[in-house]
Engineer: 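My questions will all concern the structure given below.
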Amino acid sequence: MTRPIDRFATRRDALKILAGLGVGSLALQRALAQQASEGFAITLEGVRQAEWVADLELTDPQREEIVQALAQVAETTRKLHQVPVDYATPPAFQFRTLPQGTPPDAEAPLRPKGWATSGETSRPGRDEDLAFLSVRELAGLLRRKKTTSVELTKLSIARLKQYDPALLCVITLLEDAAMAQAERADRELAEGLDRGPLHGIPWGAKDLMAVPGARTTWGAGHYREQTLTEYATVGERLEEAGAVLVAKLSLGALAMGDRWYGGQTRNPWNAAQGSSGSSAGSAAAVVAGLVPFAIGSETLGSIVSPCRRCGATGLRPTFGRVSRHGCMPLAWTMDKIGPIAREADDCAVVFAAIHGADGRDPSAVTKPFQWPPERAELSGLRIGYPQEGKKPEERDDLRPFLDLGAAFVPMALPTDLPLSAMTTILDVEAAASFEQPTREGVSKGLGAWPATLRRARFVPAVDYVHAQRLRTKLMQQMQALFDKVDLYVADDDLVHSNLSGHPSVVFPAAGKKREEGQAPPTLTLTGPWFGEETLLAAAVAYQQATSVHRERPPLEKLLELP
């Protein structure tokens, strides 16, 4: 009589055993392994019923071989599960945007050496106007003693309290810690210790970034009381630059969308609309003038998408340019950290403070970043544009680039790879990151993720690796685009550029008609790996020639909400 296997097993180990036996096809192995992983008794009849998946008929001896082989799975599974792994432990592989054989820039300067304030800016008479000044303008007022960090921090905290009931963008307000940081910043500036343009400037952190002494909830009810003792590298670097952290801002649960356990974060331009995600609170708080800048993250659109929805300016850097240490891992080979602000120059100032390797994120690299850039004008800059659709001279939103002397070059994104299927990389890595709650059967408090996390456990390791190999081909095709252009403008490259690791900057666009009170449309520029200088310089030049990024949402309507 055949002995059933009635102990729990992982599908991964079952697949390994079945493949090693050489019995059946991949589809059959997957069907049987799932039965084992869910604790079902594996019998000859169970094997026979699974054969239909592969359109295969086995003999009884082959079925018996499978049944007996799966007995090894339970012991292996127990050994694996006995060893806890925290969320800060990455897998033993790396994704890098450097071409093979490229040596690291060991001597690359980590921070720009000089900077200048906007010295001509006068102190506004109203706090409302003060709240919407740029980082560089605020820095100039601080150094001319026209304001203080304490004043700016109090203003930011007051506005967060005032507008959060309508926007639902704040998870944790860090009032006491922020005031202590602001007081220290004022003392240091008074004593002649100047840490740079961010010294004394308030900011907000997407709540997937660990901050000692504060909850780090990842926007998910399951983790709403979670506290982490480490400090994310990006937070450490901003503190070293003298910036003042005032709040942990909302994100969609486990970095998906704009719905978190406190509700849906709203678009400051239209409170009936969500702010998109997952850097929902970061974009909403910046656009509403609650903080001068915020930190967001992107795996597949989480900086670009809320900036587009809310009319913010955001930089998604090259993969690996900013350490993710201390930030929630969703997909180790796709996660990126970047700034969200109202102006591209502010994004550049923040990026200058946070980029570079830290020895703790194995994917992080140090490459030069010069700001202000050596090339500030756009004359002769080659900008790619989609060859389908309107020509640049027919698009009002691109006219400022033409007026500044840029040259447009028709181009097309790669279309011969199954990009949608390749996003299984994200699903599988997320399933590995949140393996424990999935295995424990947690179905509440994780937002919309549970079904995806369960489904991803059915993807064979071979298919995950194959998707990564196709990703290499995509990276080569994407980088080849920049043989003919310096950057390109496109609104449909989120999957392309996130899988390939290329940087993008998104910012409000001029020239397009819109209804009163509607968020401005945006442009998205994508550049070569480590091409942030050129991207940001193009965005700054565009914003200097236009003023749409200075427009403010109708905040009075937010205060009218019940």
Side-chain angles (χ1 to χ4, degrees), residues 95-99 279 296-309 312-322 333-340 344 347-348 351 355 367 369 373 375 378 381-389 392 395 397-398 400-401 404 406-415 417 419 422-423 471 473-509 521-543:
F95 173 79
R96 301 195 71 184
T97 47
L98 292 170
S279 302
S297 71
E298 176 155 326
T299 307
L300 194 61
S302 291
I303 289 175
V304 172
S305 183
C307 285
R308 287 175 174 172
R309 175 68 60 82
T313 300
L315 171 68
R316 184 196 69 219
T318 303
F319 177 89
R321 287 214 77 172
V322 179
T333 70
M334 294 182 66
D335 296 340
K336 299 161 285 286
I337 306 295
I340 295 175
C347 286
F351 178 68
H355 79 100
K367 300 286 285 184
F369 178 71
R375 175 179 179 174
L378 300 190
L381 187 75
R382 301 170 303 169
I383 302 178
Y385 72 95
Q387 54 191 8
E388 301 293 335
R395 292 180 52 175
D397 58 339
L398 297 183
F401 284 131
L404 291 167
F408 280 89
V409 180
M411 54 156 280
L413 294 171
T415 59
L417 294 171
L419 296 183
M422 290 163 64
T423 61
R471 189 179 184 184
K473 293 175 66 68
L474 176 66
M475 293 169 67
Q476 294 166 346
Q477 293 175 355
M478 288 290 289
Q479 190 63 7
L481 294 175
F482 299 105
D483 292 338
K484 298 180 179 180
V485 301
D486 299 305
L487 52 88
Y488 68 79
V489 56
D491 295 326
D492 59 351
D493 73 332
L494 275 180
V495 179
H496 289 83
S497 56
N498 272 288
L499 282 172
S500 66
H502 284 87
S504 292
V505 61
V506 58
F507 52 92
T522 58
L523 282 173
T524 303
L525 305 178
T526 300
W529 293 323
F530 312 107
E532 284 82 357
E533 279 182 28
T534 301
L535 280 177
L536 289 164
V540 167
Y542 186 101
Q543 290 184 332

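Note that this is a predicted model, so its numbers are computed, not measured.
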Engineer: Are the side chains of I340 and C307 in touch, meaning some heavy atoms are under 4.5 Å apart?
Structural biologist: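 Heavy-atom side-chain distance check passes, below 4.5 Å.
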
Engineer: Which heavy atom in Q387 sits nearest to a heavy atom in A412, and how many Å separate them?
Structural biologist: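 Residues Q387 and A412, closest heavy atoms: NE2-CB, 3.5 Å.
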
Engineer: Is there a donor-acceptor contact under 3.5 Å from the side chain of H496 to the main chain of P414?
Structural biologist: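 A pair under 3.5 Å: yes.
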
Engineer: Is the side chain of E298 donor-acceptor paired with the backbone N or O of V304 at a distance under 3.5 Å, no angle test?
Structural biologist: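 Side chain of E298 to backbone of V304, a donor-acceptor pair under 3.5 Å: yes, one is there.
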
Engineer: Taking only residues two or more places apart in sequence, or in another chain, which ones meet F401 in a ring pair (Phe, Tyr, Trp, His ring centres under 6.0 Å)?
Structural biologist: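 Y542.
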
Engineer: Are M334 and L499 packed together at the side-chain level, in the sense that at least one heavy-atom pair is separated by less than 4.5 angstrom?
Structural biologist: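 When only atoms from C-beta onward are counted, L499 and M334 do touch, with a gap below 4.5 Å.
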
Engineer: Are the side chains of T534 and L381 in contact, using a 4.5 Å heavy-atom criterion?
Structural biologist: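 Side chain of L381 against side chain of T534, heavy atoms only: contact under 4.5 Å found.
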
Engineer: Looking at every heavy atom in both Y488 and M478, which two are closest together, and how far apart are they?
Structural biologist: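 Heavy-atom minimum between the residues: OH-CE, 3.3 Å.
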
Engineer: Go through the steps to decide whether T318 and K367 satisfy the test side chain to side chain contact (heavy atoms under 4.5 Å, CB included), and finish with yes or no.
Structural biologist: CA-CA 11 Å; T318 303; K367 300 286 285 184; over 6 Å; no

Engineer: Which atoms form the tightest heavy-atom contact between V495 and L300, and what is the distance?
Structural biologist: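 In terms of heavy atoms, the two residues are closest at CA-CD1, 4.0 Å.
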
Engineer: Can you give me the closest heavy-atom contact between D483 and R382, atom names plus distance?
Structural biologist: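 That would be O-NH1, 3.5 Å.
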
Engineer: For L525 and A538, work out which heavy atoms get closest and say how close.
Structural biologist: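 Minimum heavy-atom contact is CD1-CB, 4.0 Å.
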
Engineer: Could you give the distance from OG (S497) to CG (L481), rounded to the nearest 0.5 Å?
Structural biologist: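 Here the rounded value is 11.0 Å.
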
Engineer: Applying side chain to side chain contact (heavy atoms under 4.5 Å, CB included), run through L474 and L419 and close with a yes or a no.
Structural biologist: CA-CA 9 Å; L474 176 66; L419 296 183; 3.8 Å; yes

Engineer: Applying side chain to side chain contact (heavy atoms under 4.5 Å, CB included), run through H502 and Q479 and close with a yes or a no.
Structural biologist: CA-CA 8 Å; H502 284 87; Q479 190 63 7; 2.6 Å; yes

Engineer: Would you give the length of the straight line joining atom OG1 of T524 to atom CZ of R316, rounded to the nearest 0.5 angstrom?
Structural biologist: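 So the gap between those two atoms works out to 9.0 Å.
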
Engineer: In this structure, which one of T423, N498, D335, T333 forms a side chain to side chain donor-acceptor pair (under 3.5 Å) with T299?
Structural biologist: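 It is D335, the one option of T423, N498, D335, T333 that forms the side chain to side chain donor-acceptor pair (under 3.5 Å) with T299.
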
Engineer: Side chains of R309 and T522: closer than 4.5 Å at any heavy-atom pair?
Structural biologist: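 R309 does not reach T522 side chain to side chain.
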
Engineer: Search all heavy atoms of P508 against all heavy atoms of A312 and return the closest pair with its distance.
Structural biologist: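 Closest pair (atom of P508, atom of A312, distance): CD-O, 3.7 Å.
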
Engineer: Could you check whether R471 makes a cation-pi contact with F95, meaning its NZ or CZ is under 6.0 Å from the centre of the six-membered ring and within 45° of the ring axis?
Structural biologist: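 Ring-cation test returns yes.
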
Engineer: Could you go step by step and tell me if R308 and D491 meet the side chain to side chain contact (heavy atoms under 4.5 Å, CB included) rule?
Structural biologist: CA-CA 10 Å; R308 287 175 174 172; D491 295 326; 4.0 Å; yes

Engineer: Under the 3.5 angstrom rule, does the side chain of S279 hit a backbone N or O of S302 as a donor-acceptor pair?
Structural biologist: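 A pair under 3.5 Å: yes.
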
Engineer: Measure the shortest side-chain to side-chain distance between R321 and P503 over non-hydrogen atoms and say whether it is less than 4.5 angstrom.
Structural biologist: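 Heavy-atom side-chain distance check fails, nothing below 4.5 Å.
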
Engineer: Check the side chains of S504 and T526 for a donor-acceptor pair under 3.5 angstrom, ignoring hydrogens and angles.
Structural biologist: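 Side chains of T526 and S504: pair found under 3.5 Å.
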
Engineer: Using side-chain heavy atoms (C-beta onward) and a distance below 4.5 Å, is L315 in contact with I303?
Structural biologist: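 Counting from C-beta outward, L315 and I303 never come under 4.5 Å.
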
Engineer: Could you tell me whether the side chain of V505 reaches within less than 4.5 Å of the side chain of L487, counting heavy atoms only?
Structural biologist: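 A side-chain contact is absent here, since even the closest heavy-atom pair is not under 4.5 Å.
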
Engineer: Within the distance-only criterion (no hydrogens, no angle test), does the side chain of W529 pair as donor or acceptor with the backbone N or O of S500 below 3.5 angstrom?
Structural biologist: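 Looks like yes, one N/O pair under 3.5 Å.
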
Engineer: Any side-chain donor paired with an acceptor under 3.5 Å for Q543 and T313?
Structural biologist: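 A donor-acceptor contact under 3.5 Å links the two side chains.
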
